[in-house]
Visitor: 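Before I ask anything, let me first share the structure, which is written out below as structure tokens.
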Amino acid sequence: MEHIASVSRSSGLEQGGDALKDSKVQEQYRVFVGEKVGASWRSQLHKFWAEKQTKDGQENILILFRKLREGIFASKRSDAFAIEVYETSLCLSSLFDSPIQTSSILSHLLPELYTSASIQPPISSVLILLLHHLIAGYPSQKTYFEHLSCLSPNVLDRTSEAYSWISNLATSLRTLNYIKVEALSRHDAYRQFLSISKSSDETNDELVRLSQDAVHALVERLRSKARDKAWVVLRSAYRELSASEETQTWMAKCLLLSTEQTSGSGLSLQEWMDGRCRDGHLRPKEGAVGRWIVCKVR
């Protein structure tokens, strides 16, 4: 399995080059890839993600899944197995911050593969699609709106809470309403859309947890982009910043930094301020404890 030929690279000419077009081989290869990922990691993916597996390890996993997807695509397979492979690949590419892979997967999965398999796309896949394009085009929302307009009401109900959430989030980003972005990007604001499966199918439950982590990772990435933009605004508007409790609470919300209510990376305001001091954006004010001078862009 380790050295099985890629369909795209062999073009059917290499010995065994068509092996991954066979459905039984595909299913055996999926088991092999699952073993590579590791059962303990799959059950607690958020820990794996937080510990930042080496980029080489992440890329190797994505390559294995890409090879399997190529076989599925070449064989024109469109069933629950194909959907699971594509959904797992989508979640992993989102977690591993591989937007090129995410775009490639989405182009086949939504809505093409779901339609062929007569399977309703889960809301997690729809939100990953829209969040991916909000991040990829940031601050532009052109591709986000293009993909949103292609989603039928059957795929994303315009009266649903999920649509209201993603729509309000996009609007708040567009209007630079960072206080509202902070509130909407808290874990509690969107986790109810990502229902926890009560199925006896462990693979399905595992995929549900994986999709939740993928959406969370994308939201955190979007928070980071919004934070950078918010700092540009604050840096141009203020000459000094204080360490008063009121100011710190306000700044933490504006800069989408962690508070007791958020479920993010855990970066505190003080840690973030220390980083800006190292970057030369801030410096302590001489003779004044708890105040910083904002160094303007030259």
Side-chain angles (χ1 to χ4, degrees), residues 1-37 42 45 56-133 135-136 143 146-147 150-152 154-156 201 203-204 206-208 210-211 214-215 217-218:
M1 285 294 174
E2 183 77 48
H3 303 292
I4 195 166
S6 167
V7 173
S8 65
R9 292 184 180 275
S10 67
S11 301
L13 300 176
E14 187 177 328
Q15 184 176 2
D18 285 335
L20 276 173
K21 292 182 181 180
D22 182 271
S23 59
K24 289 185 178 179
V25 175
Q26 290 169 3
E27 288 160 18
Q28 291 169 356
Y29 193 76
R30 175 66 183 90
V31 173
F32 164 74
V33 174
E35 291 172 350
K36 280 283 187 181
V37 174
R42 294 199 310 274
L45 185 70
D56 286 347
Q58 294 173 357
E59 288 177 355
N60 183 54
I61 290 170
L62 293 178
I63 287 169
L64 294 176
F65 271 101
R66 184 182 67 193
K67 189 186 291 187
L68 179 54
R69 291 197 312 275
E70 288 173 353
I72 290 171
F73 182 78
S75 65
K76 297 180 171 59
R77 184 171 183 174
S78 57
D79 57 7
F81 173 81
I83 292 290
E84 184 276 327
V85 169
Y86 269 82
E87 286 182 342
T88 301
S89 299
L90 177 64
C91 293
L92 291 175
S93 68
S94 299
L95 281 164
F96 296 160
D97 193 13
S98 181
I100 293 175
Q101 288 250 20
T102 301
S103 294
S104 175
I105 295 162
L106 284 168
S107 68
H108 294 294
L109 177 63
L110 216 162
E112 181 182 334
L113 190 56
Y114 284 117
T115 302
S116 298
S118 299
I119 293 176
Q120 177 71 14
I123 193 60
S124 56
S125 292
V126 176
L127 292 178
I128 288 172
L129 166 74
L130 297 174
L131 287 167
H132 168 71
H133 286 291
I135 294 166
T143 58
E146 287 174 350
H147 285 83
C150 292
L151 297 175
S152 71
N154 291 332
V155 174
L156 181 60
D201 185 344
T203 300
N204 184 61
E206 181 181 291
L207 186 53
V208 169
L210 187 63
S211 66
V215 170
L218 290 171

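Just so it is clear, the values below take in all heavy atoms, side chains as well, and ignore hydrogens, waters and symmetry mates.
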Visitor: Determine, stepwise, if the pair V33 / T88 fulfils side-chain contact (heavy atoms from CB on, under 4.5 Å).
Guide: CA-CA 11 Å; V33 174; T88 301; over 6 Å; no
Visitor: A side-chain contact here means heavy atoms from C-beta on lying under 4.5 Å apart; do L129 and L109 qualify?
Guide: no
Visitor: Could you pull out the closest heavy-atom pair between A117 and I83, with the gap in Å?
Guide: CB-CG1, 4.1 Å
Visitor: Do S89 and Q101 come close enough that some side-chain heavy atom pair is under 4.5 Å?
Guide: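 No. Closest side-chain heavy atoms not under 4.5 Å.
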Visitor: Are S93 and S98 close enough that a side-chain donor and a side-chain acceptor fall under 3.5 Å?
Guide: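 Short answer, no.
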Visitor: How would you list, by chain and number, every residue that makes a side chain to side chain donor-acceptor pair (under 3.5 Å) with S94, sequence neighbours excluded?
Guide: none
Visitor: What residue pairs, at least two apart or across chains, pass side-chain hydrogen bond (donor to acceptor under 3.5 Å, both in side chains) with a residue in residues 118-127?
Guide: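 Qualifying pairs, neighbours excluded: Y114-S125.
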Visitor: Quick one: which residue pairs count as a salt bridge (Lys or Arg N to Asp or Glu O under 4.0 Å) with a foot in residues 90-102, not counting sequence neighbours?
Guide: D97-R221
Visitor: Hey, does the side chain of H132 reach the backbone of I128 with a donor-acceptor pair shorter than 3.5 angstrom?
Guide: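 Not a single qualifying donor-acceptor pair exists.
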Visitor: May I ask you to test the L110-L151 pair for a side-chain heavy-atom distance under 4.5 Å?
Guide: yes
Visitor: Restricting to pairs with a member in residues 99-125, which pass salt bridge (Lys or Arg N to Asp or Glu O under 4.0 Å), not counting sequence neighbours?
Guide: none
Visitor: State which residues pass side-chain contact (heavy atoms from CB on, under 4.5 Å) with Q28; sequence neighbours excluded, sorted by chain then number.
Guide: M1
Visitor: Between K67 (side chain only) and I4 (backbone N and O only), is there a donor and an acceptor less than 3.5 Å apart?
Guide: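 Such a contact is found between K67 side chain and I4 backbone.
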Visitor: Over all heavy atoms of both residues, which pair between L113 and A82 is shortest? Give the atoms and the distance, please.
Guide: CD2-O, 4.0 Å
Visitor: Considering only distance and modelled atom types, tabulate donor-acceptor pairs under 3.5 Å from the side chains of residues 71-78, sequence neighbours left out.
Guide:
unit_1, atom_1, unit_2, atom_2, d
S75, OG, Q26, NE2, 3.1
S75, OG, G71, O, 3.0
S75, OG, I72, O, 3.0
R77, NE, D79, OD1, 3.2
R77, NE, D79, OD2, 2.8
R77, NH1, S23, O, 3.4
R77, NH1, Q26, OE1, 3.0
R77, NH1, E27, OE2, 3.4
R77, NH2, E27, OE2, 2.7
R77, NH2, D79, OD2, 3.2

